[in-house]
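No experiment lies behind these values; they were computed from the predicted model shown. Atoms within a ligand are numbered from 1 in the order they appear, just like the ligands themselves.
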Amino acid sequence: MKDVIIACDFASAEETFRFLDRFGELRPYVKIGMELYYAEGPQIVRELKRRGHKIFLDLKLHDIPNTVKKAMSVLSRLDVDMCNLHAAGTIAMMEAAREGLTRADGSRPILLAVTQLTSTSEERMHEDLLIEGKIGDVVVHYAQNARKAGLDGVVCSPLEAGMVKAACGKDFLTVTPGIRFADGAVGDQVRVTTPVQAREIGTDFIVVGRPITAAENPVAAYKRCLAEFVG
Ligand code: C5P
């Protein structure tokens, strides 16, 4: 189950395929975000599926329950493996999303909730969003709401994954970006862990972008991530 997901933060399908072609027979799990999806549309998902990749479609839905339910049913037909929404949309929205995602045969992609974005500081959460308390408590509360709504897990910082597992159970998935090699550049990420630390914390999937996409040898960097995280 544990896996390394490469964040394909590219501007076009052409750039994405040029990058993935370097992996030869390897078919890494990939994350498609808003930039690539809005640029290329559902065809990029179909083409990557055809090539044999598993796909985390990171579109972070947040709207009224009925709209999210219908949008999720479209994503389900696209046959993505994992998708997500904002827990801030309420338990009712998350339940509607889960229903929309569920296919006639009862199967569905993994559904994750984003709790508080890691770009939101505790100060901004208090002053801009008028949410009181510790940000860690809010993350855990949102994760518990996601669990109540029948979701599979959350996207969170590796440093929050332990708290989420303690509150929601070890089977509740944590998918964690903010991964850097011990000897690598941190870039704009603030709270980072290495793949080895992420494994020790017990997170289920790591999402890795620039340490692989900007590496001189992306395939070697991907294999190093797999070796350190999955073993
Ligand atoms: O290049 P890097 O490894 O920092 O990429 C991390 C990926 O995870 C990016 O696609 C980024 O948008 C995403 N992400 C994140 N922090 C979050 C949620 C998503 O870095 N809290």
Side-chain angles (χ1 to χ4, degrees), residues 3-12 15-16 19-20 28-40 44-45 48 53-62 80-89 110-122 124-125 129 135-136 138-140 142-143 146 151 153-164 173-199 201 203-218 220-226 228-229:
D3 211 344
V4 173
I5 303 177
I6 303 180
C8 286
D9 293 323
F10 299 113
S12 69
E15 222 182 308
T16 307
F19 170 75
L20 290 173
Y29 209 133
V30 295
K31 179 173 89 73
I32 299 176
M34 291 185 206
E35 183 188 12
L36 186 56
Y37 190 77
Y38 291 152
E40 300 289 350
I44 182 77
V45 175
L48 288 170
H53 294 275
K54 284 192 163 180
I55 296 177
F56 171 18
L57 190 56
D58 180 20
L59 297 182
K60 301 188 179 74
L61 276 67
H62 188 174
V80 298
D81 298 280
M82 190 184 277
C83 57
N84 62 358
L85 45 62
H86 273 284
I110 292 172
L111 180 57
L112 305 170
V114 175
T115 56
Q116 283 292 338
L117 292 169
T118 45
S119 52
T120 307
S121 66
E122 194 164 272
R124 287 300 107 214
M125 185 184 79
L129 307 181
I135 199 159
V138 176
V139 167
V140 166
Y142 279 18
L151 270 59
V154 292
V155 183
C156 63
S157 148
L159 301 164
E160 291 157 356
M163 296 193 292
V164 168
L173 301 175
T174 55
V175 176
T176 56
I179 304 295
R180 292 295 180 263
F181 291 122
D183 51 3
V186 171
D188 59 352
Q189 294 281 15
V190 181
R191 300 167 69 215
V192 299
T193 57
T194 65
V196 175
Q197 287 166 329
R199 184 179 66 194
I201 289 166
T203 198
D204 299 281
F205 294 88
I206 54 172
V207 175
V208 188
R210 287 159 292 178
I212 295 175
T213 56
E216 213 164 291
N217 185 340
Y222 171 67
K223 286 182 175 167
R224 179 178 171 191
C225 269
L226 276 177
E228 290 190 11
F229 180 63

Relative to the heavy atoms of [X], which atoms of ligand 1 are at a distance of less than 4.0 Å?
{"X": "Gly209", "value": "1 (O), 2 (P), 3 (O), 5 (O)"}
{"X": "Arg180", "value": "1 (O), 2 (P), 3 (O), 4 (O)"}
{"X": "Arg210", "value": "1 (O), 2 (P), 3 (O), 4 (O)"}
{"X": "Ala7", "value": "7 (C), 10 (O)"}

Flag Thr118 as yes when one of its N or O atoms lies below 3.5 Å from any N or O atom of ligand 1, and as no otherwise.
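It does: an N or O of Thr118 is found under 3.5 Å from an N or O of ligand 1.
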Checking the side chain of [X] only, and the main-chain atoms of [Y] only, is there a donor and an acceptor separated by less than 3.5 Å?
{"X": "Asp204", "Y": "Val175", "value": "no"}
{"X": "Arg180", "Y": "Ala185", "value": "yes"}
{"X": "Asn84", "Y": "Leu59", "value": "yes"}
{"X": "Gln116", "Y": "Val139", "value": "no"}
{"X": "Asp81", "Y": "Phe56", "value": "no"}

Could you pull out all residues at least two apart from Tyr222 that satisfy ring pair (Phe, Tyr, Trp, His ring centres under 6.0 Å)?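 So Tyr222 forms a ring pair (Phe, Tyr, Trp, His ring centres under 6.0 Å) with Phe23.
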What do we get for Asp9 next to ligand 1 when only non-hydrogen atoms under 4.0 Å count, side chain, backbone, both or neither?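 Side chain only.
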Next on the checklist: Tell me the contacting part of Cys156 for ligand 1: side chain, backbone, both, or neither, using a 4.0 Å heavy-atom threshold, strictly below.
Outcome noted: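 The answer is neither.
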Next on the checklist: Taking the ring of Tyr29 and the ring of Phe205, is the distance between their centroids below 6.0 Å?
Outcome noted: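 When the ring centroids of Phe205 and Tyr29 are compared, they turn out to be within the sub-6.0 Å range.
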Which residue and heavy atom of the protein sit nearest [atom], plus the separation:
{"atom": "atom 6 (C) of ligand 1", "value": "Gln189 NE2, 3.8 Å"}
{"atom": "atom 18 (C) of ligand 1", "value": "Pro177 CG, 3.8 Å"}
{"atom": "atom 12 (O) of ligand 1", "value": "Lys31 NZ, 4.2 Å"}

- Query: Just one of Asp58, Val155, Leu112 clears the side chain to side chain contact (heavy atoms under 4.5 Å, CB included) bar with Met82, so which one?
  - Reply: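 Among the candidates, only Leu112 passes.
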If the contact criterion is a heavy-atom separation under 4.0 Å, does Pro211 count as touching ligand 1?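 Heavy atoms of Pro211 do come under 4.0 Å of ligand 1.
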